[in-house]
Amino acid sequence: MLNFDFYNPTHIVFGKDTLNQLDSLVPKNAKVLITYGGGSVKKFGTLETVLKNLPNREVFEFGGIEPNPQFDTLMKAVEIVKEKNIDFLLAVGGGSVMDGTKFIALAANYSGDALDLLTPEFELAPVDRATPMGTVVTLPATGSEMNNGAVISHKNIKVPVFSMFTFPKFSILDPTLTFTLPKTQVANGIVDTFIHTVEQYVTYPVDARFQDRTAEGILQTLIEVGKTTLDEPENYDARANLVWCATMALNGLIGAGVPQDWTTHMIGHEITAIFGIDHAKTLAVLQPAIWEVRKEQKRKKLIQYAERVWHICEENEDKKIDLAISKTREFFESLGMKTHLSDYNITEAQFDDIIKSLEHNKRTALSESGDLTLKISREILQKAL
Ligand code: NZQ
Ligand code: ZN
């Protein structure tokens, strides 16, 4: 097992009717800014319940945070935080709202140019404090509710933001708040969670048994409940399992002490930024292609994945790997996800744009061993066609 440093201070409150705990979770004397997205929380009554559960506080609202939250939109909220002396932020929404709120929390406390907070090299943002925040999760996918990362869009580029001060103080995970999600977003959530897990698991072995078995547990749970939670949106147990898997897949636990390969996310972000395709939809297209191209580097873990997650008994190891890749593709497709770039009308002629963007963002040495060059990224795109 590799050395690691694991820190996660987020308080999780999970279950039905847990919004009534907001009053005790948000400091009594706080001036609160509630942040939300394009209006789903208004339409489905979540915002109203949140407001009811925050009595006797000065509460402001900021709506309109778009999917793939935009720097310019978030800076408008930063102005409100400064002008009204907001001292607690409450994000009510999915990954975009939670991520956007983390950025607002940092930028409101930074005296320099807020663009400095966007950290393409994954280094920590140059800040020593952030406005404290909590979240109410309405979309299980990103794990943003229990980690300190965010992805912010600025001028057709998606850039990570990291800080030790952006772990939410608390997150309320009431699976019933996610019942209103359209199927396509539920499928996104299943696939995003699946990919977060395999990017910390299908690398090379380091004898990290707890991390491997926890990752396998998440993957098997997603395979078990995926179709059910898609077809039966109000099946509480199935949805509760998805919600908890999404959180656990990206809160640092399964990634502690193991190699990680974020290639799928890095190429995926470029595709989202250029073509506007949903985050998880890019991942479903890229992951099978990446494994095709990186079979040798990931051989041992792909075999472990085939045996322990898909229970493939095939003797021939190459066939075992191929079966595991095709079962993964079939699983994504069973959720209604497309698994080819051509399904989104992306052609070879557009690869140069993607490669240029990877180069511009210095994504030229990806993978668990840093040997995935732009040439290999192009090969992956070719396989994903
Ligand atoms: O904006 P509203 O009207 O709320 O509608 C949203 C949005 O259109 C809708 N929605 C959310 N909850 C709903 C609902 N509709 C009905 N009922 C509900 N309960 O869903 C749409 C998508 O929301 P969004 O927040 O964009 O989706 P998601 O949670 O998938 O977040 C994607 C963003 O997270 C980033 C992605 O890059 C992307 O920007 N990620 C953040 C990560 C992190 N912080 O650790 C890691 C991830 O890998 C990812 O990169
Ligand atoms: Zn993701």
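Throughout, numbering of the chain's residues begins at 1 and tracks the sequence. In each ligand, atom 1 is the first atom listed, and ligand 1 is the first ligand listed.
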* Quick one: do Tyr305 and Trp291 satisfy side-chain contact (heavy atoms from CB on, under 4.5 Å)? Show the steps, please. => CA-CA 12 Å; Tyr305 167 70; Trp291 284 345; 3.6 Å; yes
* **Metal environment of the Zn ion (ligand 2), protein N/O/S under 2.8 Å** => Asp192 OD1, His196 NE2, His265 NE2, His279 NE2
* Is the shortest distance from a Lys or Arg side-chain nitrogen in Lys298 or Glu368 to a carboxylate oxygen in the other one below 4.0 Å? -> yes
* To do: For the pair Phe14 and Trp244, name the ring-plane relationship: parallel under 30°, tilted 30 to 60°, perpendicular over 60°.
  => perpendicular
* To do: Determine, step by step, whether Glu348 and Gln382 satisfy the side-chain contact (heavy atoms from CB on, under 4.5 Å) criterion, reporting the C-alpha distance in whole Å, the side-chain angles of both residues, the deciding distance to 0.1 Å, and the verdict.
  => CA-CA 7 Å; Glu348 212 178 328; Gln382 193 71 42; 3.3 Å; yes
List, pair by pair, the atoms of ligand 1 and of the protein that are both N or O and lie under 3.5 Å apart, giving the separation rounded to 0.1 Å.
from	atom 1	to	atom 2	distance (Å)
ligand 1	1 (O)	Gly38	N	2.7
ligand 1	3 (O)	Gly38	N	3.2
ligand 1	3 (O)	Gly39	N	3.1
ligand 1	3 (O)	Ser40	N	2.9
ligand 1	4 (O)	Ser40	OG	2.7
ligand 1	12 (N)	Thr138	O	3.4
ligand 1	12 (N)	Thr138	OG1	2.8
ligand 1	17 (N)	Thr180	OG1	2.8
ligand 1	19 (N)	Thr138	O	3.0
ligand 1	19 (N)	Leu177	O	3.1
ligand 1	19 (N)	Thr180	OG1	3.2
ligand 1	25 (O)	Gly95	N	3.1
ligand 1	25 (O)	Ser96	N	2.9
ligand 1	25 (O)	Ser96	OG	3.4
ligand 1	26 (O)	Ser96	OG	2.6
ligand 1	29 (O)	Gly95	N	2.7
ligand 1	37 (O)	Lys158	NZ	2.8
ligand 1	39 (O)	Asn68	OD1	3.2
ligand 1	39 (O)	Lys158	NZ	3.1
ligand 1	44 (N)	Asp99	OD1	2.7
ligand 1	44 (N)	Asp99	OD2	3.4
ligand 1	44 (N)	Ser144	OG	3.3
ligand 1	44 (N)	Gly149	O	3.1
ligand 1	45 (O)	Asn147	ND2	2.9
ligand 1	48 (O)	His196	NE2	2.7
ligand 1	48 (O)	His265	NE2	2.8
ligand 1	48 (O)	His279	NE2	3.1
ligand 1	50 (O)	His279	NE2	3.4

* Carboxylate-amine/guanidinium proximity below 4.0 Å for Lys295 and Asp322 -> yes
* To do: Taking Gln200 for its side chain and Ala249 for its backbone only, find out whether a donor-acceptor pair lies under 3.5 Å.
  => yes
* Donor-acceptor pair, Asp23 side chain versus Leu25 backbone, under 3.5 Å? -> no
* Take Phe194 and Thr328 through the test side-chain contact (heavy atoms from CB on, under 4.5 Å) and record every step on the way to the result. => CA-CA 10 Å; Phe194 197 97; Thr328 308; 3.9 Å; yes
* To do: Measure from NZ or CZ of Lys16 to the centre of the six-membered ring of Tyr236 and say whether it is under 6.0 Å with the direction within 45° of the ring axis.
  => yes
